[in-house]
Amino acid sequence: MDGHRDVDGDHIVDRATGVFVTHRNLLFTVAYEMLGSAADAEDVLQETWLRWVQVDLDQVRDKRAYLVRITTRQALNRLRAMSRRKEAYVGPWLPEPLLTAPDVAQDVELAESVSMAVMLVLETLSPVERAVFVLREVFEVGYDEIAAAVDKTPAAVRQIAVRARRHVEARRPREVVSQKEKRAVLESFLHALEGGDLQGLLDVLAPEVVYMGDGGGVKHAVLRPIIGHDKVARLLTGGLSKTPIPISLGPTLVNGSPALLVHLDGQLDGVMAAQIEAGRITGLYFVRNPEKLSHLTSETPLSLQ
């Protein structure tokens, strides 16, 4: 009997594993868009898995929806705890950047939803608003399913969705920019930066550009946003000229968009992501916190399905 139970148990775990693996990329994307942290998203997936293997799969009609519900609940718990961590964070808190494959960049909807600019807008929502917005607007989950995941009535979820949508729409980039245009603008920026060309930087930076740095109190970074192309251009050219260590910048794909990997003396030092509108850079986000650079060594698969 004991042996039979072991075989039975292995079969149940194997079934649960198969379903979980099928939807893993989706679940990670849900958790990441809710949290802005790949490390915390991985922890949420581990918690989701531990709960999932305890579920009677024969009683679950829609396994994808059930897994999304578990992931959302765990991410909400984590998001509330993270808000306390962020209050004590040194300087601006930027989302953890992900090295992404070209297929993410080609999926316009997915690339926009994980872009640094949109992820920063999501940071301004309350935990429940963020969960509702992500599930409804990005993953097109039904109101009833969202209600079950966030412990609200469907009517309340509809109201939250409307409020969150208005909030995000008022702050997100106003136009969808092609990957080709993004690459061209970033190449002009890189050329001007490497050449110490102040006028070239002023030409490629929008007058109202916002520069943000995230060193997490471990690496040097600006402690508050720098606004205006004059100030940002001088900060960048001054910073490069004062660095005695060999510095190199190389193009890459981060969060579905072109970005720059920054190496100091051959070692990864950070990543610089850009928000681009109307042919100019309107936002620059430089992440140097070492704890946020672990997902830049290999591509992270993301999915809306």
Side-chain angles (χ1 to χ4, degrees), residues 36 86 89-97 105 108 111-125 130 133 137 164-215 220-242 249 251-262 270-289 292:
K86 289 174 187 175
Y89 200 77
V90 177
W93 189 97
L94 293 176
E96 184 176 346
V108 175
E112 185 192 13
S113 71
V114 295
S115 70
M116 279 290 195
V118 169
M119 294 289 285
L120 275 171
V121 174
L122 296 184
E123 285 294 317
T124 64
L125 297 173
R130 186 166 183 169
F133 179 86
E137 298 299 318
R165 190 184 308 118
R166 285 177 183 158
H167 182 93
V168 173
E169 290 300 329
R171 292 163 177 79
R172 77 193 311 169
R174 292 175 290 278
E175 62 175 309
V176 176
V177 181
S178 71
Q179 295 294 322
K180 183 179 179 180
E181 183 179 349
K182 287 179 182 178
R183 283 194 299 273
V185 171
L186 208 61
E187 283 171 12
S188 296
F189 171 74
L190 177 57
H191 183 71
L193 194 57
E194 289 181 327
D197 180 1
L198 183 61
Q199 186 57 51
L201 285 174
L202 292 172
D203 290 341
V204 77
L205 296 173
E208 71 284 1
V209 64
V210 177
Y211 173 93
M212 298 175 70
D214 181 343
H220 176 72
V222 295
L223 295 179
R224 59 184 60 84
I226 306 297
I227 302 171
H229 67 339
D230 227 17
K231 292 179 181 178
V232 173
R234 294 183 190 284
L235 172 75
L236 292 171
T237 53
L240 280 177
S241 64
K242 291 176 185 175
L249 300 96
T252 188
L253 277 175
V254 167
N255 287 51
S257 292
L260 297 174
L261 285 182
V262 181
V271 63
M272 191 174 289
Q275 177 182 336
I276 295 166
E277 297 179 73
R280 287 185 167 184
I281 295 173
T282 56
L284 275 173
Y285 315 109
F286 189 18
V287 180
R288 295 191 71 202
N289 184 346
K292 294 186 177 183

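Keep in mind that what you see is a predicted model, and the values were worked out from it rather than measured.
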Point to revise | For Asp230, the option from Leu202, Leu198, Leu201 that meets side chain to side chain contact (heavy atoms under 4.5 Å, CB included) | key: Leu202
Study note, to complete from the structure: The single option from Val177, Ile281, Leu190 that satisfies side chain to side chain contact (heavy atoms under 4.5 Å, CB included) with Val185 is Ile281
Study note, to complete from the structure: Contacts satisfying side-chain hydrogen bond (donor to acceptor under 3.5 Å, both in side chains) that involve residues 170-182 (not counting sequence neighbours) are Glu112-Arg172, His167-Arg171, Glu169-Arg172, Lys182-Ser257
Okay, side chain of [X], backbone of [Y]: is any donor-acceptor separation there less than 3.5 Å?
X      : Y      : answer
Ser188 : Ala184 : yes
Lys292 : Leu94  : yes
Arg280 : Asp203 : yes
Asn255 : Pro97  : no

What distance separates [X] [atom1] from [Y] [atom2], expressed to the nearest 0.5 Å?
X      : Y      : atom1 : atom2 : answer
Met212 : Trp93  : CE    : CH2   : 10.5 Å
Ile227 : Glu208 : CD1   : CD    : 10.0 Å
Leu236 : Leu193 : CG    : CG    : 5.5 Å
His191 : Leu249 : NE2   : CG    : 13.5 Å
Met119 : Arg130 : CE    : CZ    : 5.5 Å

Heavy-atom pair of closest approach, residues [X] and [Y]:
X      : Y      : value
Ala111 : Gly256 : CB-O, 3.7 Å
Ala117 : Gln275 : CB-OE1, 3.2 Å
Gly200 : Ala192 : C-CB, 3.7 Å
Val222 : Pro92  : O-CD, 3.5 Å
Val232 : Ile226 : CG2-O, 3.7 Å
Arg183 : Pro258 : CG-CG, 3.6 Å

Practice item. Would you check if there is a donor-acceptor pair between the side chains of Tyr89 and Asn289 at a distance under 3.5 Å? Key: yes
Answer yes or no: is there a side-chain heavy-atom contact under 4.5 Å between [X] and [Y]?
X      : Y      : answer
Tyr211 : Leu205 : no
Tyr285 : Val254 : no
Val114 : Val118 : no
Val287 : Glu96  : no
Leu223 : Val90  : yes

Exercise for review: Might you confirm whether atom NZ of Lys231 has over 12 heavy atoms from other residues, nucleotides or ligands at distances under 6.0 Å?
Suggested key: no
